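Keep in mind that what you see is a predicted model, and the values were worked out from it rather than measured.
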Amino acid sequence: MWVLSAIKEWWMKSAIVVGAGIWGTSLALRLADEGWRVTLVEQYAPGHVRQASAGETRLLRCAHGSDDWYPRLAWQARDAWRRLEQRTGEDLYVESGVMWFARDPDGWETRSARVLERLDIPCELLDPAEAARRFPGLRGDDLAFVLWEPNAGVLRARRATQVTARLAGAAGVRQVRARAVPYGRGAGVVADGEVLTADRVVWACGAWLPWLFPHEAGHVQVTRQDTFHFGVPRDWTTPPLPAFCDYDLSAYGHGDLDGVGMKITSDAEGEPYDPETGGRRVLRHTEEQARAYLARRFPSLVGAPVVFSQVCQYALTSDAEWIIAEIEDGVWLLGGESGHGFKHAPALAAYVAEILDGAREPDARFGLHERPPARGLRTSGGTTP
């Protein structure tokens, strides 16, 4: 029998995935489920504090302006997260709904609503007064309307990353704790001195991507995004309160979930950040920004204490599009999540698995071409939402 087993393993397609954030763990799990022999290399541990995937929560929403590619994938991901919950018996997705606070009657939220309606993704335009009834304490005197996504919500991010890594291990993925660097030319890596090779190597290493591949991904910028959780009264709990996004004010968050406090995060581009050496203490002026947002949108919470804070990071491409590109035979870069990648992970893993198997080509938007700058709320609930 060992001979048959050895022959079977020899014929199996093999892959090395570098990086055990949510993209890397999801891809490793998907490939293993499809019969690949997979090695997952991570220098720390799934969900470690230096990962963009390490925040307590992320938002899952489908609104994305005039674009329809990301809404389609996010809607697929919602179902995929539900299937993952069934598989694990864990509650990873809290379907609280998401409110988008729209100040322009014909702006980004209106364009988003048109796309969602065309894709049959449930949404509704609410009068600000109706939104305030559903979200007591909301100050909406500057709002034209509120875009309501009833099937959006909040992902327990760190837990989801750890659970996905655990499932990958159970599916046969070999997990190697090591620091990886490229191995010359070809599909290989050097992991703490050990050379590993496979049919495909995927570098899904987030903020480390521009450091490892300065020529191909040097344009990816890593910025710090400070997140604050405020102590609030018990009726400010999510659910029943929804999550929220404020496109024009570049902010998002949700009520108290799991006792960690009400989350407020700025989506405005933060300062350049090194995930290796950067400090993990939030900055005073970013707390002031979060408090200013509370005063503007939820004035009854002025003076609420910070009960938890965290430094997270974005790996930003200039146009907020991802990188899914083959740089040489069998070697792929997967990154530039630009703050809106977490929610898509299980559906994106299926998409990338088809690419690695040769069944499809990646969309041209993800290539290593020159990218124009573009403004837009990048969060999926952000790197930390």
[X] side-chain N/O to [Y] backbone N/O, donor-acceptor pair under 3.5 Å:
{"X": "Asp127", "Y": "Ala131", "answer": "no"}
{"X": "Arg224", "Y": "Arg280", "answer": "no"}
{"X": "His340", "Y": "Ala320", "answer": "yes"}
{"X": "Arg30", "Y": "Ala349", "answer": "no"}
{"X": "Arg360", "Y": "Glu354", "answer": "no"}
{"X": "Arg139", "Y": "Ser300", "answer": "no"}
{"X": "Thr110", "Y": "Pro105", "answer": "yes"}
{"X": "Glu109", "Y": "Ala113", "answer": "no"}
{"X": "Asp226", "Y": "Leu283", "answer": "yes"}
{"X": "Arg114", "Y": "Ser66", "answer": "no"}

With the threshold set at 4.0 Å, does a side-chain nitrogen-carboxylate oxygen contact exist between [X] and [Y]?
{"X": "Asp67", "Y": "Arg72", "answer": "no"}
{"X": "Glu149", "Y": "Arg78", "answer": "no"}
{"X": "Arg156", "Y": "Glu85", "answer": "no"}
{"X": "Arg296", "Y": "Asp142", "answer": "yes"}
{"X": "Arg371", "Y": "Glu321", "answer": "no"}
{"X": "Glu288", "Y": "Arg284", "answer": "no"}

Closest contact, heavy atoms only, [X] versus [Y]:
{"X": "Leu241", "Y": "Pro136", "answer": "CD2-CD, 4.0 Å"}
{"X": "Lys13", "Y": "Asp199", "answer": "CA-OD2, 3.4 Å"}
{"X": "Met12", "Y": "Gly35", "answer": "CE-O, 3.1 Å"}
{"X": "Pro150", "Y": "Cys123", "answer": "CD-CA, 4.1 Å"}
{"X": "Gln175", "Y": "Pro46", "answer": "OE1-CG, 4.5 Å"}
{"X": "Leu257", "Y": "Thr238", "answer": "CD1-O, 3.1 Å"}

Find the distance between [atom1] ([X]) and [atom2] ([Y]) and round it off to the nearest 0.5 Å.
{"X": "Ile327", "Y": "Glu216", "atom1": "CD1", "atom2": "CD", "result": "4.5 Å"}
{"X": "Thr227", "Y": "Glu287", "atom1": "OG1", "atom2": "CD", "result": "12.5 Å"}
{"X": "Trp81", "Y": "Tyr93", "atom1": "CH2", "atom2": "OH", "result": "11.0 Å"}
{"X": "Leu143", "Y": "Phe145", "atom1": "CG", "atom2": "CZ", "result": "9.5 Å"}

Quiz item: Tyr314 and Asp267: side-chain donor and acceptor closer than 3.5 Å?
Solution: yes
Quiz prompt | Distance-only donor-acceptor check, side chains Thr223 and Gln225, under 3.5 Å | solution = yes
Quick check on [X]: does its [atom1] atom have over 12 non-hydrogen neighbours (other residues, nucleotides or ligands) under 6.0 Å away?
{"X": "Tyr183", "atom1": "OH", "value": "no"}
{"X": "His215", "atom1": "NE2", "value": "no"}
{"X": "Arg118", "atom1": "CZ", "value": "yes"}
{"X": "Glu276", "atom1": "CD", "value": "yes"}

Side-chain contact, heavy-atom cut-off 4.5 Å: [X] with [Y]?
{"X": "Trp332", "Y": "Val352", "answer": "no"}
{"X": "Val146", "Y": "Phe244", "answer": "no"}
{"X": "Phe135", "Y": "Trp236", "answer": "yes"}
{"X": "Phe230", "Y": "Leu301", "answer": "no"}
{"X": "Phe308", "Y": "Glu56", "answer": "yes"}

Self-check item: Within 45° cone and under 6.0 Å: Arg134 NZ/CZ vs Trp148 ring
Solution: yes
Quiz item: Parallel under 30°, tilted from 30 to 60°, perpendicular over 60°: which one fits the rings of Trp23 and Trp322?
Solution: perpendicular
Quiz item: Between Ile16 and Leu27, is there a shared hydrophobic cluster once you connect ILVMFWY residues whose side-chain heavy atoms come closer than 4.5 Å?
Solution: no
